[in-house]
Amino acid sequence: MIEKDALVNRFLSYVTIDTQSDENSLSTPSTSKQWDLANKLHQELLDMGLSDASIDENGYIMATLPSTTSAIVPTIGFIAHYDTTPDFTGTNVNPQIVENYDGKDIVLNADLDIVLSPGDFDDLLQYEGQTLITTDGTTLLGADDKAGITEIMEALKYLKNNPQIEHGTIRVGFTPDEEIGRGAHKFDVEKFGAAWAYTMDGSQIGELEFENFNAAGVKVFVKGKSVHPGYAKGKMINSIYIAQDFINSLPRLETPEHTSEREGFFHLNGITGDVEQTVLEYIIRDHDSGHFEARKEVLHNLAVEINSQYGLELISIEIKDQYFNMREKIEPVMHIVDLAEEAMRAVGVKPLIKPIRGGTDGSQLSFMGLPCPNIFAGGHNFHGRFEYVPVESMIKATEVIIKIAELATKL
């Protein structure tokens with residue numbers, strides 16, 4: 001049904017374009033190089049015959065595949081992001097294709113002794129006999145989320161070339177800057193005009209997700225007093241030591257490396273400082289909204305406790321909510337999850353329903369009025385040199401999109 005070579009060639013043409021986003025930039029897209037892929041996608045949509053394909057001044061791309069049914073059916077959407085993470089280089093991506101994977105170590109780069117091994121990543125063993133696309137060990141791959149874009153584009157092409165398949169109006173959207181948490185910030189939900197949508201941004205085959213973390217970013221400011229160390233007795237206040245007390249007072253096992261599934265955490269991901277001032281940067285995550293708020297209270301209460309010990313206001317805290325658990329917005333319309341589950345089973349994919357230990361554009365979009373569960377795009381080990389994607393998973397994701405479009409006509 002789906003042309004394997006065409007899909008692979010499309011994917012390779014996308015991942016070899018560097019689209020890293022930059023959290024320190026104030027522009028949208030946050031990097032000018034994202035325009036290289038954005039403009040290519042816009043032109044490809046036009047070339048496909050989607051005459052209303054548009055790209056706005058912020059790099060948001062939208063297009064419509066018209067309905068092929070006389071029935072009144074809801075307009076549905078499919079969304080993916082074209083930026084890649086700033087966490088690891090996406091410059092000069094050199095994909096490698098591993099045919100008929102044998103279940104053994106894959107040498108990504110012999111010169112640098114970089115090996116993708118099932119001993120480290122046992123998910124590889126699911127894909128024996130399949131075709132894998134990997135990195136050369138020096139960059140990320142970009143399957144997050146260029147696999148999702150590829151699948152949406154291949155599904156559009158298939159439906160366009162097979163008008164006998166009945167489906168309602170389908171909207172597609174491609175966004176910048178998802179990796180830095182801004183992918184939905186300037187997304188025009190009203191213009192998109194869908195009753196609901198799906199982000200094609202999950203990982204392994206079968207993933208279907210409709211809940212994610214509640215998330216906040218935290219800055220802890222610790223003040224000290226700098227005095228010449230030779231004359232500091234009873235006078236110096238070293239902010240670094242106070243910051244250390246703060247760090248050590250938080251639950252040590254409630255950190256990313258000690259949690260899984262629906263367990264939340266405090267994550268210290270940055271420290272800068274000297275005697276006079278230290279700044280701690282945390283993120284806090286929890287699926288449960290009550291636990292999420294409790295984590296904020298833990299931080300505030302700890303600051304109060306340490307300040308009281310010194311009799312001075314040495315610690316202040318700034319907390320900014322980032323996104324919330326979309327389950328709250330999806331549960332009232334669970335038929336859209338049921339539809340995706342039915343589509344997966346229809347194409348021979350076993351649904352793997354689980355919470356996202358992170359966030360997606362779909363989270364923010366759901367709170368903006370566009371319910372938006374997340375579906376697998378097929379990749380593994382995102383954001384690093386060991387990223388890979390099985391081609392067969394991408395084909396199945398494409399088939400899921402097509403089947404959702406068909407089944408939606410029966411709602």
Side-chain angles (χ1 to χ4, degrees), residues 2-3 6-7 9-11 13-14 17 19 28-29 34-69 73-83 145-163 165-178 183-201 336 360-362 364-365 368-375 377 394 397-406 408-409:
I2 304 301
E3 299 176 36
L7 179 145
N9 289 335
R10 183 187 295 277
F11 178 69
S13 76
Y14 295 161
I17 299 173
T19 57
T28 306
Q34 289 184 62
W35 283 107
D36 296 338
L37 182 51
N39 288 324
K40 174 181 172 67
L41 292 171
H42 178 226
Q43 187 60 53
E44 287 184 354
L45 289 165
L46 291 172
D47 293 344
M48 199 181 291
L50 306 187
S51 59
D52 77 328
S54 65
I55 184 168
D56 67 16
E57 68 275 13
N58 295 307
Y60 288 78
I61 303 162
M62 295 183 184
T64 307
L65 184 66
S67 173
T68 59
T69 179
V73 298
T75 297
I76 63 174
F78 296 93
I79 297 169
H81 65 90
Y82 55 79
D83 69 312
D145 188 24
K146 293 168 186 175
I149 294 173
T150 299
E151 293 148 9
I152 292 171
M153 294 292 280
E154 286 296 306
L156 285 176
K157 182 180 76 172
Y158 186 86
L159 290 170
K160 187 80 165 50
N161 292 339
N162 292 274
I165 298 175
E166 288 198 359
H167 61 79
T169 301
I170 298 172
R171 291 282 280 161
V172 298
F174 302 131
T175 69
D177 293 338
E178 189 270 355
H185 284 191
K186 297 181 180 180
F187 190 97
D188 190 335
V189 169
E190 184 176 355
K191 176 184 175 183
F192 195 61
W196 72 84
Y198 302 92
T199 49
M200 301 299 299
D201 195 19
I336 70 177
T360 70
D361 278 349
Q364 296 184 49
L365 291 170
M368 292 164 64
L370 180 66
C372 202
N374 191 44
I375 292 174
M394 295 175 65
T398 306
E399 293 176 358
V400 168
I401 294 171
I402 294 166
K403 185 57 67 173
I404 287 173
E406 290 183 76
T409 65

Rounding to 0.5 Å, atoms CG (Asp145) and CZ (Phe174) come to a distance of 9.5 Å
For Gly362 and Thr199 the tightest heavy-atom approach is N-CG2, 3.8 Å
Scanning both residues in full, the closest heavy-atom pair of Ala195 with Pro74 reads CB-CB, 4.1 Å
Sorted by chain and number, sequence neighbours left out, side-chain contact (heavy atoms from CB on, under 4.5 Å) with Ala405 holds for Leu159, His167, Ile170
Shortest non-hydrogen pair, Gln364 vs Ala184, comes out as CB-CB, 3.7 Å
Heavy-atom closest pair (Tyr82 atom, Pro29 atom, distance to 0.1 Å) is OH-CG, 4.1 Å
The complete set of salt bridge (charged side-chain N to carboxylate O under 4.0 Å, His left out) pairs with one or both residues in residues 35-45, sequence neighbours excluded, reads Arg10-Glu44, Lys40-Glu44
Are Lys191 and Tyr60 side-chain neighbours, meaning at least one heavy-atom pair lies under 4.5 Å?
no
Output for pair (Met394 CE, Lys146 NZ), nearest 0.5 Å, gives 12.0 Å
Mind checking whether Pro371 and Ile336 have side chains closer than 4.5 Å, heavy atoms only?
yes
Indicate yes or no for a side-chain donor-acceptor contact from Lys160 to the backbone of Leu50 under 3.5 Å, with no hydrogens or angles considered. no
When every non-hydrogen atom of Ala147 is compared with those of Ala377, the smallest separation belongs to CB-O, 3.7 Å
CD1 (Ile149) and CD1 (Ile79) are apart, to the nearest 0.5 Å, by 12.0 Å
Taken in chain and number order and not counting sequence neighbours, the residues that satisfy side-chain hydrogen bond (donor to acceptor under 3.5 Å, both in side chains) with Asp361 are Thr175
Here the gap from Leu65 atom CG to Lys157 atom NZ, rounded to the nearest 0.5 Å, amounts to 14.0 Å
Distance col, row Leu370:CG vs Glu190:CD, nearest 0.5 angstrom, shows 12.5 Å
query: Is there a side-chain contact between Tyr198 and Val400, using heavy atoms and a 4.5 Å cut-off?
result: no
Residue set satisfying side-chain contact (heavy atoms from CB on, under 4.5 Å) with Ala53, at least two apart, ordered chain then number -> His42, Leu45, Leu46, Ala63
Of Thr28, Asp177, Asn39, Asp83, the one forming a side-chain hydrogen bond (donor to acceptor under 3.5 Å, both in side chains) with Gln34 is Asp177
All heavy atoms of Ala197 vs all of Pro373, minimum pair found to be O-CD, 3.2 Å
Residues 52-69 vs salt bridge (charged side-chain N to carboxylate O under 4.0 Å, His left out), sequence neighbours excluded, gives Asp52-Arg171
Value for CD1 (Ile61) from CD (Gln43), rounded to nearest 0.5 Å, stands at 11.5 Å
message = Counting C-beta onward and ignoring hydrogens, is there a side-chain heavy-atom pair between Ile165 and Thr68 closer than 4.5 Å?
response = no
How about Met153 and Phe78: do any of their side-chain heavy atoms sit closer than 4.5 Å?
-> no
Check whether Ser67 reaches the backbone of Thr69 with its side chain - one donor and one acceptor, N or O, closer than 3.5 Å.
yes
Residue set satisfying side-chain contact (heavy atoms from CB on, under 4.5 Å) with Asn9, at least two apart, ordered chain then number -> none
Side chain to side chain contact (heavy atoms under 4.5 Å, CB included) test vs Ile401 passes for just one of Ile76, Ile152, Ile375, namely Ile152
